[in-house]
Amino acid sequence: MSEKQKKSAVDLRELEKKIKYTFNDKKLLRNALCHSSYSNERKNENISSNERLEFLGDSVLSIIASEYLYRSFPERTEGELSNIRREIVDGAALASFSRKIELGKYMFLGNGEEKSGGRDRNSNLEDAFEALAAAIYLDGGLECAKKFFLPFINDEVENIFAAHKFNDPKSLLQEIVQQNGEMVRYEKIGESGPDHDKRFTCVVKVNSNILGTGEGKRIQEAEMNAARDALKLFGEQGSL
């Protein structure tokens with residue numbers, strides 16, 4: 001084994017300690033860290049880039065985030081959960097997760113990519129994180145992938161709350177209206193569709209004045225959307 005190969009093996013063991021997962025198949029880990037520029041420079045060595053793993057990792061991260069949000073926030077609507085999930089698996093978020101474990105340090109890059117700052121490029125870090133998640137999934141299964149990704153999700157959800165990106169539109173509307181000593185109330189004004197696919201329409205009122213109208217598959221979702229509609233009157237956009 002050459003000195004470069006020895007260093008690579010040491011680096012990978014160091015990364016395994018950081019992510020608290022030891023690969024059974026080390027080739028999967030190496031593949032997850034292999035940028036296309038590296039594989040292109042070594043075509044005669046038949047080295048694959050991490051692009052296929054990146055493709056799979058996108059879905060792995062999405063299902064983990066979806067299940068977490070579904071179980072953790074039963075009061076949230078489908079639209080809200082989708083928007084929060086988008087925040088969690090957004091490219092900028094994944095790049096920040098990569099930086100937390102210094103993933104760029106362990107990537108295999110081509111000379112040109114190395115010289116142009118590829119180890120700290122957001123797109124590379126995002127792709128490598130997705131590929132790493134996929135590699136863990138293939139090597140150890142979904143539960144191992146969850147153990148890897150869930151700590152990042154927990155931190156990111158806290159950041160979303162801290163940045164006020166996760167306001168409940170009904171609560172926000174109530175806070176605004178209460179400043180004038182008023183109270184809001186919601187009314188269902190419409191219902192359509194078969195039993196298995198109902199659509200509800202609700203309005204939100206202050207006294208007899210309708211501030212907003214919303215639709216949804218559930219009454220709660222329709223009320224949320226009515227509150228969002230009403231918030232536009234006050235120059236607010238509501239929750240995600």
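Sorted by first and then second residue, the ring pair (Phe, Tyr, Trp, His ring centres under 6.0 Å) pairs with a member in residues 48-69 form an empty list; sequence neighbours excluded. For residues 101-116, the salt bridge (Lys or Arg N to Asp or Glu O under 4.0 Å) pairs, not counting sequence neighbours, are Glu14-Lys105, Lys18-Glu102, Glu113-Arg121, Glu114-Arg119. Applying the side-chain hydrogen bond (donor to acceptor under 3.5 Å, both in side chains) definition to pairs two or more places apart or across chains, none involves residues 52-62.
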Worked verdict on Arg13 versus Glu16 for salt bridge (Lys or Arg N to Asp or Glu O under 4.0 Å): CA-CA 5 Å; Arg13 285 197 296 271; Glu16 286 177 325; over 6 Å; no
Stepwise side chain to side chain contact (heavy atoms under 4.5 Å, CB included) check, Leu53 with Leu138: CA-CA 9 Å; Leu53 283 176; Leu138 291 174; 3.6 Å; yes
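Using a 4.0 Å cut-off between a side-chain N of Lys or Arg and a carboxylate O of Asp or Glu, Glu78 and Arg218 do not qualify as a salt bridge.
Lys205 NZ: more than 12 foreign heavy atoms inside a 6.0 Å radius. With a 6.0 Å radius and a threshold of 12 heavy atoms from other residues, nucleotides or ligands, Tyr137 has its OH atom at or below the threshold.
In this structure, the ring of Phe148 has its center no less than 6.0 angstrom from the ring center of Tyr21.
Ile84 places none of its side-chain heavy atoms less than 4.5 Å from the side chain of Phe73. Proximity of Ile19 to Leu103: side-chain heavy atoms (C-beta onward) are nowhere separated by under 4.5 Å.
Closest heavy-atom contact between Val89 and Ala65: CG1-CB, 4.3 Å. Met107 and Ala128 get closest at one heavy-atom pair: SD-CB, 3.7 Å.
Between Phe97 and Phe129, the ring-plane angle classifies as tilted under the 30° and 60° cut-offs. Under the 30°/60° scheme for interplanar angles, the aromatic rings of Tyr38 and Phe108 are found to be tilted.
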